[in-house]
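Only one structure is covered here, and it is reproduced in the block below.
It should be emphasised that the depicted structure is a prediction, and the values quoted were computed from it without experimental measurement. Just follow the structure's listing: the first ligand is 1, and inside any ligand the first atom is 1.
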Amino acid sequence: MSDKKIIAVLGATGAQGGGLVRAILADPNGGFAARALVRDVNSDKAKELTKLGVEVVAANADDPGSLVRAFKGAYGAYCVTFFWEHLSPEKEMTQARAMAEAARINGLQHVIWSTLEDTRKWVPLEDNRLPTLHEKYKVPHFDAKGEANQYFAQLGVPTTYLLTSFYWDNFIHFGMGPKKDQTGVPAITMPMGQGKLPGIAAEDIGKCAYGIFKQSREYVGKTVGIAGEHLTGDQMAAAFTKVLGQPVKYNAVEPEVYRGFGFPGADDLGNMFQFKRDFQEAFCGARDINFSRKLNPSLQSFESWLDRNKNRIPQA
Ligand SMILES: NC(=O)c1ccc[n+]([C@@H]2O[C@H](COP(=O)([O-])OP(=O)(O)OC[C@H]3O[C@@H](n4cnc5c(N)ncnc54)[C@H](OP(=O)(O)O)[C@@H]3O)[C@@H](O)[C@H]2O)c1
């Protein structure tokens, strides 16, 4: 263990960080060891990691000192923030700044920052194609991550900026699974028109991140994007129909309609989908599937992910 390079993993009990921890564990001779950063070392998920032999350390992204302590002696870190826990872009930026600062203080050699586009570079605040939200953002949970890139860069932290994609797991956990429409046929609803949505199995994000760490420092200072496939709503509905063995439709609502759905963050997600629909070339172009497979040879397609997870899709 002592000669292994330690990767401190934020969100180790969650989707992205958990995938990275499992990828490191699955490769015992790979030269890396995961250090799981959790808020509560006694939670069930933390105890499961301890049982698997993972070093589990208490840290809270809201407590900069705890991050400094938790990064001590590590080679690298996987940094991710948790927008959907609080819906605050400012809090995300504060947490990211604390992560970058802790990495600098400890002289980490390689940090992966899980980021997304600052959409204001494509749609400035005065551009009304997307409504401005909270006075300062177009897609708050994207813009905050993109804006936070600067903290890592300005502090000179050797960072790979990892552009992630829509998790297909949102069809299980995020209330986006097929729901019966007025004709009684299950439908997935997204304001993407006929645009392609880059998506990925959440588990594959961690595997790709592991691929980046394994390539030594080749991707330090670079922005890399990952996706499992780029699919239209109709293509995803066709895969649902095939795998679930019952018709599933794609309901392409307008972004205004989606923004008005009323659940917390609906306006943010409506803008997000519209951005992805209207800036296809840039958004899909930044997420190369062959490159993702190079990092992670077991990268899943949507259909293979769905087939493995079909029993976890909530019944419409
Ligand atoms: N859903 C998507 O399609 C998608 C796509 C791209 C990017 N994202 C982004 O992914 C991010 C979330 O990552 P995820 O999906 O991997 O998260 P997740 O599965 O929701 O898990 C997050 C984990 O982080 C830990 N955590 C939460 N607050 C923390 C804090 N203050 N300090 C330290 N740890 C904390 C929690 O672990 P403990 O309870 O053990 O501390 C939790 O298990 C969001 O910012 C979201 O915008 C989502």
Side-chain angles (χ1 to χ4, degrees), residues 8-23 35-50 54 56-67 69-71 77-99 102 112-119 137 139-148 161-177 190 197-209 225-228 264-265 268-269 271-273 275-276 283 286-287 302 305:
V9 182
L10 266 302
T13 58
Q16 297 189 26
L20 174 58
V21 170
R22 285 184 285 279
R35 175 184 291 166
L37 275 49
V38 300
R39 286 170 299 177
D40 176 6
V41 295
N42 291 312
S43 73
D44 290 345
K45 286 184 174 176
K47 282 188 192 155
E48 270 173 42
L49 290 173
T50 306
V54 178
V56 175
V57 166
N60 191 321
D62 293 326
D63 174 0
S66 75
L67 293 174
R69 289 189 293 279
F71 283 2
Y78 187 77
C79 294
V80 54
T81 44
F82 317 101
F83 181 81
W84 297 103
E85 293 227 345
H86 46 70
L87 305 176
S88 163
E90 285 80 16
K91 189 164 178 158
E92 254 192 311
M93 283 188 277
T94 304
Q95 292 181 340
R97 191 170 52 216
M99 292 173 197
I112 296 180
W113 162 231
S114 175
T115 190
L116 288 164
E117 283 84 351
D118 183 340
T119 64
Y137 308 99
V139 183
H141 78 287
F142 270 52
D143 299 347
K145 292 180 181 70
E147 189 172 334
Y161 302 88
L162 178 64
L163 294 169
T164 59
S165 285
F166 176 90
Y167 308 170
W168 293 322
D169 308 65
N170 293 334
F171 292 123
I172 303 173
H173 305 297
F174 214 71
M176 291 190 183
M190 285 177 296
L197 176 66
I200 193 163
E203 189 71 12
D204 280 334
I205 297 177
K207 288 186 179 177
C208 289
I226 53 170
D268 188 332
L269 289 179
N271 279 9
M272 174 195 82
F273 283 121
F275 175 74
K276 292 178 184 184
F283 197 78
R287 290 161 172 80
F302 181 56
W305 174 84

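A donor-acceptor pair is defined here as one N or O able to donate and one able to accept, closer than 3.5 Å; no such pair exists between the side chain of D143 and the backbone of Y137. Of the possible polar contacts, none joining the R35 side chain to the V57 backbone as a donor-acceptor pair under 3.5 Å is found. At distances below 3.5 Å, at least one donor-acceptor pair connects side-chain atoms of R287 with backbone N or O atoms of T164. A donor-acceptor contact shorter than 3.5 Å links the side chain of S66 to the backbone of N60.
Residue N60 touches ligand 1 through backbone and side chain together, judged by heavy-atom distances below 4.0 Å. At a heavy-atom cutoff of 4.0 Å, ligand 1 is contacted by no atom of K45, backbone or side chain. The backbone and the side chain of T13 each have at least one atom closer than 4.0 Å to an atom of ligand 1 (non-hydrogen atoms only).
Two residues are said to be in side-chain contact when any heavy atoms from C-beta on lie closer than 4.5 Å; F273 and L197 meet this criterion. Between D204 and W168, the closest side-chain pair of non-hydrogen atoms is not below 4.5 Å. The shortest side-chain heavy-atom distance between D62 and K91 falls under the 4.5 Å cut-off. Using a 4.5 Å cut-off on side-chain heavy atoms (C-beta onward), H173 and Y167 make no contact. Side chains of Q95 and H86 form a contact here, defined as non-hydrogen atoms less than 4.5 Å apart. Residues F83 and F142 are not in side-chain contact: their nearest non-hydrogen atoms beyond the backbone lie 4.5 Å or more apart.
If you check which protein heavy atom lies closest to atom 39 (O) of ligand 1, you get R39 NH2, 2.9 Å. The shortest contact between atom 22 (C) of ligand 1 and any protein heavy atom is with F82 CD2, 3.6 Å. The single protein non-hydrogen atom nearest to atom 9 (C) of ligand 1 is Q16 NE2, 3.8 Å, given as residue, atom name and distance. Of the protein's non-hydrogen atoms, N170 OD1, 3.1 Å is the one closest to atom 1 (N) of ligand 1. The single protein non-hydrogen atom nearest to atom 6 (C) of ligand 1 is T164 OG1, 3.1 Å, given as residue, atom name and distance. Considering only non-hydrogen protein atoms, atom 12 (C) of ligand 1 sits nearest to T81 O, 3.4 Å. Protein heavy atom nearest atom 32 (N) of ligand 1, with residue, atom name and distance: A61 N, 2.8 Å. Of the protein's heavy atoms, Y167 OH, 3.6 Å lies nearest to atom 8 (N) of ligand 1.
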For a side-chain contact (heavy atoms from CB on, under 4.5 Å) check, start with the C-alpha distance between K145 and W113, then their side-chain angles and the critical distance, and finish with the verdict.
CA-CA 9 Å; K145 292 180 181 70; W113 162 231; 4.2 Å; yes
Evaluate the side-chain contact (heavy atoms from CB on, under 4.5 Å) criterion for residues H141 and L269: first the C-alpha distance (whole Å), next the side-chain angles of each, then the deciding distance (0.1 Å), finally the verdict.
CA-CA 9 Å; H141 78 287; L269 289 179; 3.9 Å; yes
Stepwise, does the salt bridge (Lys or Arg N to Asp or Glu O under 4.0 Å) test hold for E48 with R22?
CA-CA 12 Å; E48 270 173 42; R22 285 184 285 279; over 6 Å; no
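Under a 4.0 Å heavy-atom criterion, F174 is not in contact with ligand 1.
Atoms of ligand 1 lying under 4.0 Å from at least one heavy atom of G11, given by number and element, are 23 (C), 24 (O). Of all the atoms in ligand 1, the ones that sit under 4.0 Å from a non-hydrogen atom of E85 are 27 (C), 28 (N). Remark: ligand 1 atoms within the under-4.0 Å shell around heavy atoms of W84 are 46 (C), 47 (O). For ligand 1, the atoms lying closer than 4.0 Å to a non-hydrogen atom of F166 are 3 (O). Annotation for ligand 1: atoms under 4.0 Å from non-hydrogen atoms of Q95 are 31 (N). Of all the atoms in ligand 1, the ones that sit under 4.0 Å from a non-hydrogen atom of E92 are 45 (O).
Every N/O-N/O distance between H141 and ligand 1 stays at or above 3.5 Å. Any N or O atom pair closer than 3.5 Å counts here, and A15 shares at least one such pair with ligand 1. Among the atoms of V38, none of the N or O lies under 3.5 angstrom from an N or O of ligand 1. Where the criterion is an N or O separation shorter than 3.5 Å, residue side chain and backbone included, S43 fails it with respect to ligand 1. Looking at S165 next to ligand 1, no N or O pair under 3.5 Å apart turns up.
The two atoms that bring L67 and L37 nearest to each other are CD2-CD2, 4.5 Å, heavy atoms only.
Protein heavy atoms are absent from the space less than 4.0 angstrom from atom 20 (O) of ligand 1.
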